Amino acid sequence: MEAGEPAPPPVEEEDDLGYRLFPERNKKPQGFLVRSLFTFHNRCQLMLRMTLDTNPYAQLLLEAMKQSGCTVFNDRHFSCENCDGCVSGGFDSATSQIVLCQNNIRHQSHMNRVVTHELIHAFDHCRAHVDWFKNVKHLACSEIRAANLSGDCTLMNEIARFKFGLKRHHQTCVRDRAIRSILAVRKVSKETAEKAVDEVFDACFNDLEPFGRIPHNKSDAKRAYKDFQNRDRYNANL
């Protein structure tokens, strides 16, 4: 399981590959009428629909996945669930499903960021043979890309975290968040996580697919989405 939000290093016990953070993953699905009674679930579904319909980061990723043969369906590939208090979302590679933590996502901009982050993991899962569970470098690469391209490290988000560094600040944020995300879902030492991130950082930081650029804000994402659509139209006419 790949978590979208970092957490403190886990306690020493048998590795459960991050599933401890998503307790509803192994429960029997609830019926629609039961789930509809819960405000968290309704709010989560409404915010998800808003993200998929209006957010350029998500729209670009959905179109890129469709063109890669991995069409995303709302009811099949997204699940609003209660999670551990330290995470906001995750990508379950075993089911190709994105988990949205309905008890932790409280506003639309947060939903936009979580959906984008997890869709980047889903895109990587679609286009490459990612060994999520056994190869920490593969996980590190996708976490670097997700932090770099999802808006996790925008200036406004970093200011909200009271981080104000200027020199190579974006790269530092991406590295730190990738390390923290690995520690959230794998029982590895901080040294192991740091080594994995550092070894693949340059290549994965510079892998900007499918955006073609680092979308530092929504305007950048809109331009990237337009460029992606135009690129596909051009390729279709070759």
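Because the structure is predicted, anything quoted here is derived from the model rather than measured. Residues take their numbers from the sequence shown, with the count starting at 1.
- With rounding to the nearest 0.5 Å, the separation of CD in Q108 from CG in L48 is 9.0 Å.
- With a 4.5 Å cut-off on side-chain heavy atoms, I144 and V200 count as touching.
- Considering only residues two or more places apart in sequence or on other chains, F201 meets the ring pair (Phe, Tyr, Trp, His ring centres under 6.0 Å) condition with F205.
- Using a 4.5 Å cut-off on side-chain heavy atoms (C-beta onward), M50 and N112 make no contact.
- A distance-only check finds a donor-acceptor pair linking the side chain of D220 to the backbone of H216 [under 3.5 Å].
- Here the side chains of E63 and L60 are not in contact, with every heavy-atom distance at 4.5 Å or above.
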Original post:
Could you walk me through whether N148 and R145 pass the side-chain contact (heavy atoms from CB on, under 4.5 Å) check?
Top reply: CA-CA 5 Å; N148 189 28; R145 282 177 30 78; 5.6 Å; no
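- Counting all heavy atoms, side chain and backbone alike, D124 lies closest to S142 at OD2-OG, 2.8 Å.
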**OP:** Would you sort out whether C44 and M111 count as a side-chain contact (heavy atoms from CB on, under 4.5 Å), showing the intermediate values?
**Re:** CA-CA 8 Å; C44 178; M111 175 65 79; 3.9 Å; yes
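- Here the side chain of Y57 pairs a donor or acceptor atom with the backbone of N217 at under 3.5 angstrom.
- Taking every heavy atom of both residues into account, R177 and C153 meet most closely at CD-SG, 3.8 Å.
- Closest approach of C101 and G89 over heavy atoms only: SG-N, 3.6 Å.
- Within the 4.5 Å cutoff, the side chain of R43 has heavy atoms near those of the R106 side chain.
- Ionic pairing of K195 and E199 is present here: one or more N-O contacts between side-chain nitrogen and carboxylate oxygen are shorter than 4.0 angstrom.
- To the nearest 0.5 angstrom, I98 atom CD1 is 4.0 Å from F78 atom CZ.
- Proximity of V174 to D152: side-chain heavy atoms (C-beta onward) are nowhere separated by under 4.5 Å.
- If you check the side chains of H121 and H125, you find no donor sitting under 3.5 Å from an acceptor.
- Note on Y225: it clusters hydrophobically with L208, by side-chain heavy-atom contacts below 4.5 Å among ILVMFWY residues.
- Atom CG of D198 is separated from atom CD1 of I179 by 6.0 Å, given to the nearest 0.5 angstrom.
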Original post:
Would I214 and H170 satisfy side-chain contact (heavy atoms from CB on, under 4.5 Å), going step by step from the backbone distance to the final call?
Top reply: CA-CA 10 Å; I214 298 175; H170 182 76; 3.8 Å; yes
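- Test E143, R175, K137 against V197 for side-chain contact (heavy atoms from CB on, under 4.5 Å) and you get one pass: R175.
- Between the side chain of D92 and the backbone N or O of Q97 there is no donor-acceptor pair closer than 3.5 Å.
- With rounding to the nearest 0.5 angstrom, the OG atom of S79 is 10.5 Å from the CG atom of N74.
- In this structure, V99 and C83 have side chains that are in contact, with non-hydrogen atoms separated by less than 4.5 Å.
- Atom OG1 of residue T51 and atom NE2 of residue H110 lie 11.0 Å apart, to the nearest 0.5 angstrom.
- In this structure a side-chain-to-backbone donor-acceptor pair under 3.5 Å is missing from R223 to P215.
- Residues L149 and T116 come closest through the heavy atom pair O-CG2, 4.4 Å.
- Side-chain atoms of E118 come within 3.5 Å of backbone atoms of F91 as a donor-acceptor pair (strictly under, hydrogens ignored).
- Not one N or O on the side chain of H77 forms a donor-acceptor pair closer than 3.5 Å with the backbone of V72.
- Without hydrogens or angle criteria, E81 side chain to L100 main chain gives no donor-acceptor distance under 3.5 Å.
- Taking all atoms of both residues into account, the shortest heavy-atom contact from F133 to S93 is CZ-OG, 3.4 Å.
- No side-chain heavy atom of I105 sits less than 4.5 Å from a side-chain heavy atom of F40.
- Between A64 and F123, the shortest heavy-atom distance links the atoms CB-CE1, 3.8 Å.
- D202 CG to Q171 CD: the interatomic distance, rounded to the nearest 0.5 Å, is 9.5 Å.
- Ion pairing between a basic and an acidic side chain is recognised when a charged N comes within 4.0 Å of a carboxylate O; R127 and D207 show such pairing.
- Side-chain contact check for V136 versus R186: every heavy-atom pair is 4.5 Å or farther apart.
- By the neighbour-count criterion of 12 heavy atoms within 6.0 Å, atom NE2 of H107 is densely surrounded, having more than that number from other residues, nucleotides or ligands.
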Original post:
Run the side-chain contact (heavy atoms from CB on, under 4.5 Å) check on F211 and D227 step by step: do they pass?
Top reply: CA-CA 9 Å; F211 290 89; D227 290 346; over 6 Å; no
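- In terms of the side chain to side chain donor-acceptor pair (under 3.5 Å) criterion, N103 has no residue partners (sequence neighbours excluded).
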